[in-house]
*Asks:* 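Pasting a structure below so you can have a look.
In each ligand, atom 1 is the first atom listed, and ligand 1 is the first ligand listed. Nothing fancy with the numbering, it's 1 onward along the sequence.
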Amino acid sequence: MAKVADKYFKADEWKVIEEGFNPDYGEVSESIFSLGNEYLGARGYFDEGYSGSKLIGSYFNGIYEMTKPEYGHYKGIADFTEFMVNSVDWLYTRIEIDGEQLDLATSEFEDFVREIDMKTGILTRSFVWKTKSGKRLAVKFERFVSMTQVKRTTQKITIKPIGFSGEIYITSGLDFSQIHRNERKNLWDCKPGTIEKGEDIFMGIDGTTINTKLKVYSSCKVNAEYESLEEVNEEKIVAVKLKANLEDGKDYVLTKVTNNVTLRDDGDLAVYDKEVEAVKSETETACTLYDKLEKENIDWWKKVWDSSDITIANDPENQQGIRFCIFQMYQTYHGAVEGTNIGAKGLTGEAYNGNAFWDTETYCLPFFIFNNQEAARNLLYFRYKTLDEARKRAEVLDCKGAFYPIATISGRECCNLWQHASLQLQASTAVAYGVWFYEKMFDDKDFLKKYGLEMLIEISRMLATRGDFNREGKYGYYCVMGPDEFQMMVHNNSYTNYMAKFTLEYTLDKINEIKSEDPDAYKKVAEKVAFDESEMDTWKNIKDNMILLYDDKTKLFEQHDGFFKLPHLDVDSIPISDFPLYDNWSYDRIYRNDMIKQPDVLMFMLLFISKFSQEQLKANYEYYEPCCIHESSLSPSVHSILASQLKKDDEAYDFFGFATRLDLDNYNRNTNQGIHTTSIAAAWMNIVYGFGGLRSDGEKLSVAPSIPKNWGGYSFNISYKGVVIEIKVDKENVYIKTKGDGVVELNVYGKNVEINSEGYKCEVE
Ligand code: BGC
């Protein structure tokens with residue numbers, strides 16, 4: 001793999017530490033030090049303002065804007081884009097002494113340390129400011145976003161003068177005036193803010209997005225001592241400028257707690273207005289709230305680590321890497337807000353427009369299935385909530401049923417690259433896969449009857465109208481693009497056909513099951529979607545005749561009709577300077593050979609790994625891996641898991657290192673645009689499914705751990721049937737036990753075993 005680590009942050013098992021500030025790395029650090037709680041997120045930008053390169057990214061899940069690019073309209077090609085919009089800067093601060101404003105681009109400073117403590121979720125940054133007038137001040141910023149009361153965020157600023165006493169001016173408030181980077185303009189209409197002075201200073205400001213008319217009401221309470229106060233009168237900003245006296249050697253502290261109410265497109269204006277009114281009459285003070293929220297956060301994260309931690313002995317960098325992945329997953333999503341999804345960059349940056357992809361069900365869902373059932377359910381519920389949009393999309397694409405968008409925030413397709421949006425069926429089959437996986441693990445029939453079955457029927461309808469029978473009566477998909485985005489308008493992409501066959505089979509199964517077990521529930525869904533049972537005959541015929549390009553002699557699946565005849569490109573011959581290829585090769589050149597962007601055949605083989613023999617896996621891995629350039633960050637983990645299965649231990653370990661430290665070591669040189677949230681979910685799978693050998697697609701949940709040779713040991717937890725199971729592996733043995741009273745059955749290296757809190761031990765095989 002032609003990707004090289006860029007080491008910048010200090011390795012530590014529980015923290016990410018930046019010692020000394022490198023402005024060239026400023027935006028990478030902003031991404032790495034992002035905080036989020038699913039409802040909102042903020043990049044690690046500097047509170048006090050910074051005139052150097054920065055992205056003041058403060059986002060709310062589900063608050064988006066849209067643009068309409070100017071070009072001709074072709075049926076089926078999305079003519080608008082939705083993007084997550086940068087919102088209120090709730091950290092807005094300015095600090096001034098002797099006429100000099102603190103700005104790390106121009107001010108002199110030393111001893112800069114920024115760190116995020118993943119045990120507590122608290123971000124701190126400290127340095128000594130050496131003013132132009134010769135003064136020295138120890139400055140410390142702390143912030144966290146509440147995981148228990150997700151509308152709230154906090155900030156604490158501590159300033160200690162070293163060797164002097166004197167005046168300081170601190171401005172604190174809420175700022176909606178930021179420019180959106182891509183659109184190059186501000187996208188908020190704001191009412192003038194309000195300020196009330198009491199024990200705390202209360203400020204509030206109401207913003208509405210210009211095109212989508214979504215709303216954020218942001219308010220804060222600020223507690224600090226001051227001599228005098230001046231209201232700041234700037235457009236889209238509500239703030240106060242405090243004049244205070246600093247005493248030599250004594251801490252001056254400003255505490256701020258915000259409360260942010262949003263109106264998403266599925267929200268109710270009356271409820272929003274009521275909530276805004278309630279915020280205005282809250283009585284708890286900033287300091288009380290800060291302490292309370294801090295304590296709640298520490299407890300919240302402790303529970304997370306108790307049930308979801310992964311430990312690695314003897315590999316501090318990967319230990320830090322995997323904890324960072326788990327930390328980011330929980331920050332991005334944990335089931336706190338019904339009806340939202342996970343953007344490819346989470347809430348940490350603006351690349352991919354904050355859109356959600358098939359990544360959610362394919363890469364993120366396993367993490368939630370084994371850590372947090374509610375979150376898994378909520379993610380699937382998002383697809384139900386947006387089913388009508390998927391129906392409309394199918395209609396536009398001349399299909400029946402539901403065609404899920406390849407990129408979306410609201411549920412509408414907003415990817416205007418037609419070769420992705422019109423040709424990739426994988427978002428729809430991923431939803432079916434997600435329903436199947438969720439049902440298999442939780443047996444949640446209620447979800448299936450209320451939401452799952454309806455989605456399955458509509459997706460199956462689409463699959464039965466998007467494909468065609470050929471002259472031999474075999475069914476397939478023509479003019480499609482599979483997960484490998486370097487091949488477009490291909491016929492019978494194996495991933496697409498395999499997943500479609502699976503979806504139709506599963507849908508037929510579930511219709512029959514619910515019809516016999518709960519005829520009323522079946523009738524309700526059937527009536528709702530005007531289901532005609534003759535559709536089942538068509539689906540059966542299609543799935544029985546689905547084309548699968550498999551050769552029993554070679555054990556190979558051909559990626560699509562004609563793939564094996566494409567000119568071969570030796571991917572190792574591509575100079576490193578040509579990457580990323582999208583920037584350096586003409587678009588069509590990428591398509592004219594057998595180079596693969598990311599796993600395609602190997603992807604469905606991983607999703608249903610128990611269905612394939614070791615021989616089949618080996619043949620396909622050895623054929624396709626050398627063609628793959630891993631241009632998508634989703635790619636290495638998949639290869640690592642399969643390499644583990646094939647006992648290619650060194651290869652498995654190399655791919656793992658890349659996946660786990662993808663952002664910490666800025667492997668793709670684009671972490672400045674945000675964290676690769678969905679691919680760090682794959683990094684979790686990499687340990688649990690790769691080295692841990694977890695298999696969840698067979699009859700029983702099974703594990704078959706192996707251990708990389710340089711590790712002293714490792715452990716991971718999974719929640720299964722309401723019980724947390726801890727699996728520890730050392731050089732010789734595997735130890736498995738339940739945490740608490742539950743008892744579960746697990747298949748360990750092919751043997752069924754009952755696991756309880758006393759534990760089970762066997763040798764590593
Ligand atoms: C990948 C897609 C993925 C998207 C968002 C692309 O580079 O090819 O599979 O859905 O990124 O992560």
Side-chain angles (χ1 to χ4, degrees), residues 3 31 78 81-84 325 328-329 332-333 341-367 379 383 404-409 413-431 433-434 480-488 490 493 495-496 499 559 579-583 585 587 590-591 595-604 606-607 624 627-639 658-659 662-663 667-671 673-685:
K3 310 252 165 135
S31 297
T81 301
E82 294 172 352
F83 56 92
M84 179 168 82
C325 294
Q328 289 297 341
M329 286 312 291
T332 307
Y333 204 86
N341 204 326
I342 299 176
K345 302 277 173 194
L347 298 160
T348 68
E350 292 166 20
Y352 285 115
N353 288 334
N355 286 185
F357 295 77
W358 71 306
D359 308 24
T360 298
E361 289 78 15
T362 317
Y363 292 91
C364 300
L365 197 64
F367 175 85
L379 282 174
R383 298 297 189 181
Y404 277 95
I406 201 71
T408 192
I409 295 182
E413 179 61 77
C414 57
C415 170
N416 35 42
L417 291 169
W418 68 273
Q419 62 274 43
H420 299 256
S422 305
L423 307 186
Q424 291 192 297
L425 277 59
Q426 73 220 39
S428 305
T429 52
V431 174
Y433 170 78
V480 292
M481 179 191 254
D484 171 19
E485 298 182 344
F486 285 176
Q487 300 291 331
M488 71 153 155
V490 299
N493 164 261
Y495 180 92
T496 309
M499 294 303 286
Q559 189 173 297
F579 291 100
L581 291 187
Y582 281 131
D583 295 349
W585 284 26
Y587 205 43
I590 290 174
Y591 293 100
M595 172 178 60
I596 297 175
K597 179 180 179 190
Q598 66 199 93
D600 195 296
V601 164
L602 296 182
M603 193 65 222
F604 72 81
L606 175 67
L607 297 182
Y624 288 108
C627 298
C628 183
I629 63 156
H630 308 282
E631 189 81 341
S632 163
S633 59
L634 299 167
S635 185
S637 293
V638 173
H639 286 86
F658 172 92
L662 175 68
D663 288 310
Y667 270 98
N668 283 356
R669 304 299 189 265
N670 61 3
T671 294
Q673 303 170 2
I675 298 289
H676 295 77
T677 306
T678 50
S679 64
I680 61 181
W684 175 88
M685 280 211 276

*Asks:* Tell me: protein heavy atom nearest atom 3 (C) of ligand 1, and distance?
*Replies:* Asp359 OD1, 3.5 Å
*Asks:* Are any of the N/O atoms in Gln426 less than 3.5 Å from those in ligand 1?
*Replies:* no
*Asks:* Atom 6 (C) of ligand 1: which protein heavy atom is closest, and how many Å away?
*Replies:* Tyr352 OH, 3.4 Å
*Asks:* For ligand 1, note which part of Lys597 has a heavy atom under 4.0 Å away: side chain, backbone, both or neither.
*Replies:* side chain
*Asks:* If you count the atoms of ligand 1 from 1 in the order shown, which ones are under 4.0 Å from a heavy atom of Trp358?
*Replies:* 2 (C), 3 (C), 9 (O), 10 (O)
*Asks:* Under 4.0 Å from a heavy atom of Leu634: which atoms of ligand 1 are those, numbered in the order shown and with their elements?
*Replies:* 3 (C), 9 (O)
*Asks:* Is it the case that ligand 1 has an N or O less than 3.5 angstrom from some N or O of Ser632?
*Replies:* no
*Asks:* Applying side-chain contact (heavy atoms from CB on, under 4.5 Å), name anything that partners Ser679, two or more places apart in sequence or on another chain.
*Replies:* Ser633, Leu634, Leu662, His676
*Asks:* As a test of understanding, state which of Thr332, Thr362, Asp359, Thr360 forms a side chain to side chain donor-acceptor pair (under 3.5 Å) with Thr678.
*Replies:* Asp359
*Asks:* Below 4.5 Å, heavy atoms only, C-beta onward: do Met499 and Leu607 meet side chain to side chain?
*Replies:* yes
*Asks:* In terms of residue, atom name and distance, what is the protein heavy atom nearest to atom 1 (C) of ligand 1?
*Replies:* Gln598 OE1, 3.4 Å
*Asks:* Using the ring of each side chain (for Trp, its six-membered ring), is His630 parallel, tilted or perpendicular to His639, with breaks at 30° and 60°?
*Replies:* perpendicular
*Asks:* Identify the protein heavy atom lying closest to atom 2 (C) of ligand 1, giving its residue, its atom name and the separation to 0.1 Å.
*Replies:* Glu485 OE2, 3.6 Å
*Asks:* Hey, does Asn341 have a side-chain heavy atom less than 4.5 Å from the side chain of Leu379?
*Replies:* yes
*Asks:* Is the distance between the ring centroids of Tyr363 and Phe367 under 6.0 Å?
*Replies:* no
*Asks:* Taking 4.0 angstrom as the limit and counting only heavy atoms of Ala344, give me the atoms of ligand 1 inside it, by number and element.
*Replies:* 5 (C), 12 (O)
*Asks:* Please work out whether the ring planes of Tyr587 and Tyr582 are parallel, tilted or perpendicular, with thresholds of 30° and 60°.
*Replies:* tilted
